[in-house]
Amino acid sequence: MYAILVHGGAGKVSPERFDSAKKGTRNAVEAGIEILKSGGRALDAVEAAVKVLEDDPTFNAGTGSVLTFNGEVEMDAAIAYGPNFDFGAVAGVKNIRHPISLARQVMEKTDHVLLAGKGANNFASLMGFEPHDPVVQRRREQWESYRKDFLNGDYKDWPKLRKLFQEHPEFLHGTVGAVAVDSHGETAAATSTGGVFLKLLGRVGDTPIPGAGTYATPHGAASSTGLGEGMMRVLITKVAADFLKMGLDAQHAATAALNYLDNTVGTEAGIIVVDRHGEIGYAYNTPNMSHAYFKEGMKEIESDL
Ligand code: ASP
């Protein structure tokens, strides 16, 4: 039984973005269904779904990514293939359209797991990725206003980031992710992000770290969103995968993994999970996490915020 579940980031979605967030996640699920319904692979489905979200400026991934403190875009992405724990990721990559596809090239064409910064961009050129400017006007304006507040002292220091995100969960919206299981029982996960607003140049979040923002095993797959600095320390998607291995279904694993995060580092986050039996699950502790899913046998895609 196949299934696909995507997220468009945890945080707060402002009412004027409700429709575009719902439409965007549905479009991504549709791209995945096209592949899965004809017996295609979960790995291709999650990549296709995340590419749709990367192209949609509503979300903080690919085109529409948030800007660093210096006003640049540095993107992280990862893809994971459950059957043999394969993983490919890029961190701090600039000026390409589909970081998720570059992550897949790292997984399939190199013996490495994660390429960062200049090396990731050199590899992109080698793989024939065309230059692409991911900055959109809305993000530039947001950056200007947040940076002004920050410099005025309204946001204090970086160690206060957690408080900042608790007070302004809208900062987090937009990272994208997809998890899928195909009719062969293979699982895969993919996550892509511009990171967090006003991050320092060189900051790498949870997204490209195995078991933090992205993970897949023969038992299932998970993708998370929220403040990476918390999720990296508890490896939330690995926690979810361990719960699946213990026999929990996808929904219980998602809830238990988020509870674990709440009871340990307590950061703002959301997680999506699929298990090898075709069950899906999700949990979040932020006001919203746009998401959409489809399981074989359903009449229509379900989507919500
Ligand atoms: N997890 C991402 C990061 O910390 C941000 C997000 O999910 O919105 O880079």
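If you read the sequence from its start, that first residue is 1, and numbering goes on from there. First listed ligand is number 1; within each ligand, the first listed atom is number 1.
Nearest to atom 5 (C) of ligand 1 by heavy-atom distance, out of Gly11, Gly228, Gly226, Gly205, is Gly226.
The stretch residues 200-224 participates, sequence neighbours left out, in these side chain to side chain donor-acceptor pair (under 3.5 Å) pairs: His7-Ser223, Thr191-Thr214, Thr191-Ser223, Arg203-Glu229, Asp206-Ser224. Evaluation of the side chain to side chain donor-acceptor pair (under 3.5 Å) test over residues 113-125, restricted to residues two or more places apart or in two chains, returns none.
In this structure a side-chain-to-backbone donor-acceptor pair under 3.5 Å is missing from Arg140 to Val135.
Geometrically, ligand 1 and Asp76 share no nitrogen or oxygen pair separated by less than 3.5 Å. Looking at ligand 1, you'll find an N or O of Thr225 within less than 3.5 Å of one of its N or O atoms. Where the criterion is an N or O separation shorter than 3.5 Å, residue side chain and backbone included, Asp206 meets it with respect to ligand 1.
Note on Leu201 and Val73: separate hydrophobic clusters, where clusters join Ile, Leu, Val, Met, Phe, Trp and Tyr whose side-chain heavy atoms are under 4.5 Å apart, directly or indirectly.
Comment: Arg104 does not engage Asp86 in a salt bridge, judged by the lack of any side-chain N to carboxylate O separation of less than 4.0 angstrom.
Of all the atoms in ligand 1, the ones that sit under 4.0 Å from a non-hydrogen atom of Gly195 are 5 (C), 9 (O).
The side chain of Arg203, and not its backbone, has at least one atom closer than 4.0 Å to an atom of ligand 1 (non-hydrogen atoms only; side chain from C-beta on).
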